[in-house]
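Each chain gets a letter, A, B and so on, in the order its sequence line appears, and its residues count up from 1. Model, not experiment: these values are computed from the prediction. Heavy-atom basis, side chains included; hydrogens, waters and symmetry copies ignored.
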Amino acid sequence: MIRDLHEWPKTEAEAVAIQERLRPLVRVEDPPQVRTAAGLDVAYRDEDEIVAAVTVLDVTTLSVVDSAVVRGKAEFPYVPGLFAFREAPSLLAALAELSVRPDVLVCDGQGLAHPRRFGLACHLGVLTDLPAIGVGKTAMGRYEPPAEQRGSWSPLHQDDEVVGRALRTQPGVKPVFVSVGHRYTLDAACDLTLRLAPKYRLPESTRTADHLGRMQP
DNA sequence: GCGACAG
DNA sequence: ATCTTGTCGC
């Protein structure tokens, strides 16, 4: 179910090699019916102490139906492009404590919108084989600002390909950056993001996970 | 040398 | 990510 957890990298070169090995396992396809969505977020404390929080929401009511929190240590430094190696171990531990298996992971970061097309959402999706999407707060690539109204979007380009979308979840507010993680399509990922963000810029799933992690003593 | 750089 | 005052809006 969860692969490669016992061979976490010690160097950046090992980390890149793992990304390139797992990258072909990403599948882009229509997701099955989504009734619950998990929001994942990590809060940072002192030095390398981190708190991984996961909340599972009913996509229709946006109510929290399950949650888990795990305190841990960052086993990898923050390196742009290798973000998953810092947060994924604790997030996977938190996911393992859930009693409800979510239909999709909504990750705080990128999926295919990544220099090697294997961001956090792809990594978590492949390791768990759960559908996953990435909803980031900053762009990894170039884009034209979408129209000001909620729901409008524009393609996010990296090199010469479309790796995601800049999606306006609230009128007149900076867009979020949506990309496929695993077993999802870009269209479906944007639909889900809009359903999860009826009131604020970020999906309710990441907001509740963020609050939960921040609340931990 | 200068700017970029998920969280 | 986190460090931080006041301000605007619901």
Side-chain N,O ([X]) to OP1/OP2 ([N]) below 4.0 Å:
X        : N     : answer
A/Arg86  : B/dA6 : no
A/Lys137 : C/dA1 : yes
A/Thr138 : B/dC5 : no

Grab the [atom1]-[atom2] distance between [X] and [N] for me, whole Å please.
X        : N     : atom1 : atom2 : answer
A/Phe177 : B/dA6 : CZ    : P     : 12 Å
A/Arg165 : B/dA6 : CZ    : P     : 23 Å
A/Phe76  : C/dA1 : CZ    : P     : 20 Å

**Asked** Starting at the 5' end of DNA chain C and moving along, which residue's nearest nucleotide shows up first, A/Val42 or A/Lys199?
**Response** A/Val42
**Message:** Quick check for you: among B/dG7, B/dC5, C/dT2, whose closest atom lies nearest to any side-chain atom of A/Asp108?
**Reply:**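 Minimum distance to the A/Asp108 side chain belongs to B/dG7.
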**Request:** For the side chain of A/Phe83, starting at C-beta, report the closest nucleotide among B/dG7, C/dT2, B/dC5.
**Result:**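 The nucleotide sitting nearest to the side chain is B/dG7.
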**Asked** Would A/Val176 and A/Arg201 satisfy side-chain contact (heavy atoms from CB on, under 4.5 Å), going step by step from the backbone distance to the final call?
**Response** CA-CA 7 Å; A/Val176 295; A/Arg201 176 186 179 226; 3.8 Å; yes
**Message:** Is the base of B/dG7 stacked against the aromatic ring of A/Tyr78, taking ring centres under 5.5 Å apart and planes under 30° as the test?
**Reply:** yes
**Request:** Just say parallel, tilted or perpendicular for the rings of A/His123 and A/Trp8, cut-offs at 30° and 60°.
**Result:**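 It falls in the tilted class, 30° to 60°.
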**Request:** Using side chain to side chain donor-acceptor pair (under 3.5 Å) as the criterion, point out the one residue from A/Arg117, A/Gln110, A/His114, A/Arg142 that pairs with A/Gln158.
**Result:** A/Arg117
**Item:** Cation-pi, A/Tyr143 ring and A/Arg165 (6.0 angstrom, 45 degrees)
**Value:** no
